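Some notes on the structure that comes next.
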Amino acid sequence: RLYLDHAATTPLVPVAREAMAEALSCWANPSSPHGEGRAARAALEDARKRIGRALDWDGEILFTSGASEAIALALKGFDAVASAVEHDAVFAAVGDEARIPVDGQGIVKLGSIASGRRYAIQQVNNETGIIQPLAELAPIIREGGGILVADCSQGAGKLPLPDADIIILSAHKLGGPPGLGALLTRDLALLKPTGGQEKGYRRGTENLPAVMGLAAALETGFDWIENASRLRSKLEAVIEAAGGEVVGKASPRLATIGSYRMPGISASSQLISFDLAGIAVSAGSACSSGTLKASHVLTAMGWDAKAAAEVVRVSFGPQTCDADIDRFVAAWKAIYERAQAA
């Protein structure tokens, strides 16, 4: 089978698997005061430093059970507003009402800034790969007295971290294990202590094997991104020539994610056909692709319901190669031609 759904989750890279297996021998609770616990704590703090070095980050790193928990810690209970194209976990934390609009290419249209308010703006959209201009938005938000919270689940490691006040990471998007996220900040005063672990900012025993896996995954690097850019350009040239449409084509996009409309064929029908051909892709976020509702990302970009329902997402990983692209585009053209002939 051909796996082209890395934006949903990327398979655990071998070095991360090895690091986790080794860490399982250091089984004590890092919060325990005895010798075994202190050894586990030392391993945890060493991994924390390694993750900071790999990300070129010298601020605080708090480990969580995933990006969704990190998002909740950063936004829930605060005066916050989110861009209209954020992940559903962000809206679960801030509510559905306060949304910053985007233009037809998915770029945030920032209005007036309220002092002390939190602005949740992702680095990279998980459905389209569109990159938000956070380098331009951060100073505007700060000058207005606001706080920038950037969900970097898709972009971390592949792009430099933005100059945000709070940053969210997800290990399983980076070749690390599922069930681990991180919250990065330079000022812990921006968070509400809840007691327990991670300097008192979240409860629950630290997942040392997962942390070790993330450190190892990040240290492998992402030098394959340039090749991913070439592969996506090759893919998109064929899709456009065959009558398809590239979502957000005019916007800067992360090389590993692309969304494409196949006119006249529903995404659900496409997914079945691709799956029968042994190819794994998705329709939008993995957290909502099993539902029948239209993508809120495409709706926010001005797409009508019919067109939005004809879009699938293709996302690459470190092992994706030319043969994979050739196989996918052959399947794409076959599905499209069959539907047109019917």
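No experiment lies behind these values; they were computed from the predicted model shown.
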> Does the side chain of Val247 reach to within under 4.5 Å of the side chain of Trp303, using non-hydrogen atoms?
Replying inline: yes
> With sequence neighbours left out, which residue pairs that include part of residues 11-28 fulfil the salt bridge (charged side-chain N to carboxylate O under 4.0 Å, His left out) condition?
Replying inline: none
>> Assess the residue pair Arg117 and Asp79 against the criterion (salt bridge (Lys or Arg N to Asp or Glu O under 4.0 Å)); give the C-alpha distance rounded to whole Å, side-chain angles, the decisive distance to 0.1 Å, and a yes or no.
In response: CA-CA 5 Å; Arg117 197 171 205 189; Asp79 179 18; 3.0 Å; yes
>> Is it the case that atom CD in Glu219 sees more than 12 heavy atoms from other parts of the structure closer than 6.0 Å?
In response: yes
> Applying the 4.5 Å side-chain criterion to the ILVMFWY set and letting contacts propagate, would Leu12 and Leu214 be lumped into a single cluster?
Replying inline: no
>> Within the structure provided, determine whether Leu169 and Leu55 are in side-chain contact (heavy-atom separation under 4.5 Å).
In response: yes
>> Would you say that Gln154 contacts Thr256 through its side chain, given a criterion of any heavy-atom pair below 4.5 Å between the two side chains?
In response: no
>> Does any part of the side chain of Val281, heavy atoms only, come nearer than 4.5 Å to the side chain of Asp5, both counted from C-beta?
In response: no
>> Determine whether a donor-acceptor pair (N or O, by modelled atom type, separation under 3.5 Å) exists between the side chain of Asn125 and the backbone of Val85.
In response: yes
>> Set out, in order, the CA-CA distance, both residues' side-chain angles and the distance that settles side chain to side chain contact (heavy atoms under 4.5 Å, CB included) for Val297 and Thr128, then state yes or no.
In response: CA-CA 8 Å; Val297 172; Thr128 65; 3.9 Å; yes
>> More than 12 heavy atoms of other residues, nucleotides or ligands under 6.0 Å from NZ of Lys234: yes or no?
In response: yes
Under 3.5 Å, which donor-acceptor pairs link side chains of residues 257-274 to any protein atom two or more places apart or in another chain?
from: Ser259; atom 1: OG; to: Glu127; atom 2: O; distance (Å): 2.4
from: Tyr260; atom 1: OH; to: Glu236; atom 2: OE2; distance (Å): 2.7
from: Arg261; atom 1: NE; to: Glu310; atom 2: OE1; distance (Å): 2.8
from: Arg261; atom 1: NH1; to: Glu245; atom 2: OE1; distance (Å): 3.4
from: Arg261; atom 1: NH2; to: Glu310; atom 2: OE1; distance (Å): 3.0
from: Ser266; atom 1: OG; to: Ser268; atom 2: OG; distance (Å): 3.2
from: Ser266; atom 1: OG; to: Ser269; atom 2: N; distance (Å): 3.1
from: Gln270; atom 1: NE2; to: Ile265; atom 2: O; distance (Å): 3.0
from: Gln270; atom 1: NE2; to: Glu310; atom 2: O; distance (Å): 3.1
from: Ser273; atom 1: OG; to: Ser269; atom 2: O; distance (Å): 3.2

> Short question: side chain of Arg253, backbone of Ile131 - any donor-acceptor pair under 3.5 Å?
Replying inline: no
> Considering all heavy atoms of both residues, which atom of Ala300 and which atom of Val102 are nearest to each other, and what is their separation?
Replying inline: O-CG2, 3.5 Å
> What do the steps show when you test Asn227 against Thr320 for side chain to side chain contact (heavy atoms under 4.5 Å, CB included), and what is the final call?
Replying inline: CA-CA 9 Å; Asn227 187 53; Thr320 308; over 6 Å; no
> Under a single-linkage definition using a 4.5 Å side-chain heavy-atom cutoff for Ile, Leu, Val, Met, Phe, Trp and Tyr, are Phe316 and Val124 assigned to the same hydrophobic cluster?
Replying inline: no
> Do you know which two heavy atoms are closest between Val94 and Ala80, and how far apart they sit?
Replying inline: CG1-CB, 3.6 Å
> Where do Trp332 and Ala242 come nearest, in terms of heavy atoms and distance?
Replying inline: CZ3-CB, 3.6 Å
>> Walk me through whether Arg118 and Asp165 qualify under salt bridge (Lys or Arg N to Asp or Glu O under 4.0 Å).
In response: CA-CA 10 Å; Arg118 302 196 170 199; Asp165 300 293; over 6 Å; no
> Can you find a side-chain donor-acceptor pair between Arg313 and Ser282 that sits under 3.5 Å?
Replying inline: yes
>> Quick one: does any side-chain atom of Lys173 pair with a main-chain N or O of Ala8 as donor and acceptor, under 3.5 Å?
In response: yes
> Once you round to the nearest 0.5 Å, how far does OG1 of Thr205 lie from CG of Asn29?
Replying inline: 4.0 Å
>> Please tell me whether Leu235 and Val238 are part of a single hydrophobic cluster in this structure, the criterion being side-chain heavy atoms less than 4.5 Å apart.
In response: yes
> Which heavy atom in Cys321 sits nearest to a heavy atom in Leu231, and how many Å separate them?
Replying inline: C-CD2, 3.9 Å
> Going from CG on Leu191 to CG on Leu183, what distance comes out if it is rounded to the nearest 0.5 angstrom?
Replying inline: 5.5 Å
> Hey, does Leu24 have a side-chain heavy atom less than 4.5 Å from the side chain of Leu208?
Replying inline: no
> Going from CZ on Arg50 to CD1 on Ile61, what distance comes out if it is rounded to the nearest 0.5 angstrom?
Replying inline: 12.0 Å
> Are side-chain N/O atoms of Ser153 and Asp151 paired as donor and acceptor at under 3.5 Å?
Replying inline: yes
> Looking only at atom types and distance, does a side-chain atom of Glu69 sit under 3.5 Å from a main-chain N or O of Ser65, one as donor and one as acceptor?
Replying inline: yes
> Judged by atom type as modelled, is there a donor-acceptor pair below 3.5 Å linking the side chain of Arg38 to the main-chain atoms of Pro30?
Replying inline: no
>> Taking ring pair (Phe, Tyr, Trp, His ring centres under 6.0 Å) as the definition, give me every residue that meets it alongside Tyr3, ordered by chain and number, with sequence neighbours left out.
In response: His6
> So is Lys192 actually on top of Phe78's ring, under 6.0 Å and inside 45° of the axis?
Replying inline: yes
> Would Glu226 and Ser229 count as having a side-chain donor-acceptor pair, cut-off 3.5 Å?
Replying inline: no
>> Would the distance check show the side chain of Gln123 and the main-chain N or O of Pro160 forming a donor-acceptor pair, the cut-off being under 3.5 Å?
In response: yes
>> Ignoring hydrogens, what is the shortest heavy-atom contact between Val311 and Ala283? Give both atom names and the distance.
In response: O-CB, 3.9 Å
>> Tell me every residue that passes salt bridge (Lys or Arg N to Asp or Glu O under 4.0 Å) with Arg99, counting only those two or more places apart in sequence or in another chain.
In response: Asp96
> Is there a donor-acceptor contact under 3.5 Å from the side chain of Arg232 to the main chain of Leu254?
Replying inline: yes
>> Applying ring pair (Phe, Tyr, Trp, His ring centres under 6.0 Å) as the test, list every pair that has at least one member in residues 17-62; sequence neighbours left out.
In response: none
> Looking only at atom types and distance, does a side-chain atom of Gln105 sit under 3.5 Å from a main-chain N or O of Ala250, one as donor and one as acceptor?
Replying inline: yes
>> Quick check on the hydrophobic clustering: are Tyr336 and Leu2 connected, directly or via other members, by side-chain heavy-atom contacts under 4.5 Å?
In response: yes
> Could you go step by step and tell me if Arg203 and Glu198 meet the salt bridge (Lys or Arg N to Asp or Glu O under 4.0 Å) rule?
Replying inline: CA-CA 8 Å; Arg203 295 185 180 275; Glu198 292 301 281; over 6 Å; no
> With side chains defined as the heavy atoms from C-beta onward, is the minimum distance between Ile166 and Asp187 less than 4.5 Å?
Replying inline: no
> Under the 3.5 angstrom rule, does the side chain of Gln197 hit a backbone N or O of Ser31 as a donor-acceptor pair?
Replying inline: no
> Stepwise, does the salt bridge (Lys or Arg N to Asp or Glu O under 4.0 Å) test hold for Asp322 with Arg327?
Replying inline: CA-CA 9 Å; Asp322 282 275; Arg327 179 177 169 189; over 6 Å; no
>> Quick check: closest heavy atoms across Thr9 and His172, and the distance to 0.1 Å?
In response: OG1-ND1, 2.7 Å
> To the nearest 0.5 Å, how far apart are OH in Tyr119 and OG in Ser83?
Replying inline: 13.0 Å
> How would you list, by chain and number, every residue that makes a ring pair (Phe, Tyr, Trp, His ring centres under 6.0 Å) with Phe91, sequence neighbours excluded?
Replying inline: His296
> Leu180 and Leu73: same hydrophobic cluster, using ILVMFWY side-chain contacts below 4.5 Å?
Replying inline: no
>> Return the CD1 to CG distance between Ile168 and Leu184, rounded to the nearest 0.5 Å.
In response: 8.5 Å
> Any side-chain heavy atom of Leu4 within less than 4.5 Å of one from Ile279?
Replying inline: yes
>> Looking at Ala7, is its backbone amide N or carbonyl O close enough to the side chain of Ser315 to form a donor-acceptor pair, meaning the two atoms are under 3.5 Å apart?
In response: yes
